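Since the model is a prediction, treat every value here as computed from it, not as a measurement. Heavy atoms only: backbone and side chains are in, while hydrogens, waters and symmetry mates are out.
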Amino acid sequence: IAKWRFKSRLPVRAVSVAEGIVLLGSESADAESNMPRGDQRGLLTALNAQSGAVLWSRPVPSWIHSDVLIYKHRVYVTCGRWPMMHVGGLLALDAKTGATIWTVKADAGMMPGAAIDSGNGSIVTAGGDGVIQTFSLADGSRKNTVGIGAADGMSSIRLDDSGVAFVGAASKLQSYS
């Protein structure tokens, strides 16, 4: 039995739940077409997990393709679109209001989901530029960059208990520390 329902105005591509919040990530209204035109921003909507009431909703620079992270009252979202040479990025937002805390712009989309390394106070991303990047959770400053030899279109980063990153790019799975 459904407790509540919500109708998004854009195609939902990501759902995350934590801290009493449901986050929906969307791509543009015409993302399914062969020739997307017009507003190509994604949309991030926060709902109350108990009632389904909208807490806030806001655009992000590009499409959201991967699950959004919620960690210590902040929301971390990657964005980008196909083809991967379109701009993308990483945003840190206040979970209660959706206000921007910091933003990292990327020349190539960051379509895969990021991973949080809580022991290191960082967030790890990959994207269309074939690079794994590590940023500070506090202020978004870049901590590290490692080339992975191929673009990562959709394989989300995963970290093991020791902070080793695993990512798929092209036809390979690779690990990085």
Side-chain angles (χ1 to χ4, degrees), residues 1-116 123-129 133 135 137 140 151-159 166-169:
I1 299 174
K3 189 171 180 181
W4 53 263
R5 296 181 195 274
F6 176 80
K7 173 74 170 133
S8 177
R9 64 182 181 88
L10 295 174
V12 174
R13 297 295 183 244
V15 177
S16 299
V17 182
E19 298 182 8
I21 300 169
V22 177
L23 286 167
L24 304 177
S26 301
E27 38 182 41
S28 69
D30 65 350
E32 298 293 326
S33 76
N34 289 330
M35 299 288 290
R37 301 181 194 283
D39 187 357
Q40 292 301 303
R41 296 177 298 171
L43 183 69
L44 187 61
T45 302
L47 307 173
N48 178 292
Q50 294 300 311
S51 68
V54 175
L55 300 172
W56 51 265
S57 186
R58 59 159 296 163
V60 296
S62 191
W63 304 352
I64 299 172
H65 279 272
S66 58
D67 293 340
V68 178
L69 302 174
I70 306 168
Y71 180 70
K72 292 190 175 183
H73 313 295
R74 286 189 177 182
V75 170
Y76 298 91
V77 59
T78 56
C79 60
R81 63 171 269 227
W82 194 263
M84 293 179 288
M85 61 283 258
H86 290 283
V87 297
L90 169 66
L91 293 84
L93 311 172
D94 180 276
K96 287 186 179 185
T97 66
T100 302
I101 297 169
W102 53 257
T103 302
V104 173
K105 293 179 182 172
D107 290 335
M110 290 181 176
M111 291 170 30
I116 289 177
I123 185 165
V124 184
T125 66
D129 56 3
Q133 298 182 79
F135 302 96
L137 287 171
D152 179 4
M154 295 301 288
S155 177
S156 296
I157 296 273
R158 296 295 180 245
L159 300 175
F166 293 84
V167 63

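The structure places CH2 of Trp56 at 5.5 Å from CG of Leu23, a figure rounded to the nearest 0.5 Å. If you take SG on Cys79 and CH2 on Trp63, they are separated by 12.0 Å, rounding to the nearest 0.5 Å. Rounding to the nearest 0.5 Å gives a distance of 8.0 Å between CG of Leu90 and OG1 of Thr103. Atoms OG and CZ, from Ser8 and Arg13 in turn, are 10.0 Å apart once rounded to the nearest 0.5 Å. Interatomic distance, Arg41 CZ to Glu27 CD, rounded to the nearest 0.5 Å: 15.0 Å. Note that CD1 of Ile70 is 11.5 Å distant from NE2 of His73, once rounded to the nearest 0.5 Å.
Counting heavy atoms from C-beta on, the side chains of Leu43 and Ser57 come closer than 4.5 Å. A heavy-atom distance below 4.5 Å is found between the side chains of Val77 and Ile64. Using a 4.5 Å heavy-atom threshold, the side chains of Leu44 and Val75 count as touching. Counting heavy atoms from C-beta on, the side chains of Ile101 and Arg74 come closer than 4.5 Å. At least one side-chain heavy atom of Val54 sits less than 4.5 Å from a side-chain heavy atom of Phe6. When side chains are defined from C-beta on, Ile116 counts as touching Tyr76, because their heavy atoms get closer than 4.5 Å. At a threshold of 4.5 Å between non-hydrogen side-chain atoms, the residues Trp4 and Val22 count as touching. Using a 4.5 Å heavy-atom threshold, the side chains of Thr78 and Ser66 count as touching.
Considering every non-hydrogen atom in both Ala115 and Leu159, the closest pair reads CB-CG, 3.8 Å. Residues Ile157 and Ala126 share a closest heavy-atom pair of CD1-CB, 3.8 Å. What you find for Val68 and Ser16 is that their closest heavy atoms are O-OG, 2.5 Å.
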Q: Output, in order, the C-alpha distance, side-chain angles, deciding distance and verdict of side chain to side chain donor-acceptor pair (under 3.5 Å) for Arg58 and Thr45.
A: CA-CA 7 Å; Arg58 59 159 296 163; Thr45 302; over 6 Å; no
Q. What's the verdict on side-chain contact (heavy atoms from CB on, under 4.5 Å) for Leu24 and Leu47, showing C-alpha distance, side-chain angles and the deciding distance?
A. CA-CA 8 Å; Leu24 304 177; Leu47 307 173; 4.0 Å; yes
Q: Determine, stepwise, if the pair Thr125 / Gln133 fulfils side chain to side chain donor-acceptor pair (under 3.5 Å).
A: CA-CA 5 Å; Thr125 66; Gln133 298 182 79; 4.6 Å; no
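In this structure, Thr100 contributes its side chain and Trp102 its backbone to no donor-acceptor pair below 3.5 Å. Not a single donor-acceptor pair under 3.5 Å links the side chain of Ser28 to the backbone N or O of Gln40.
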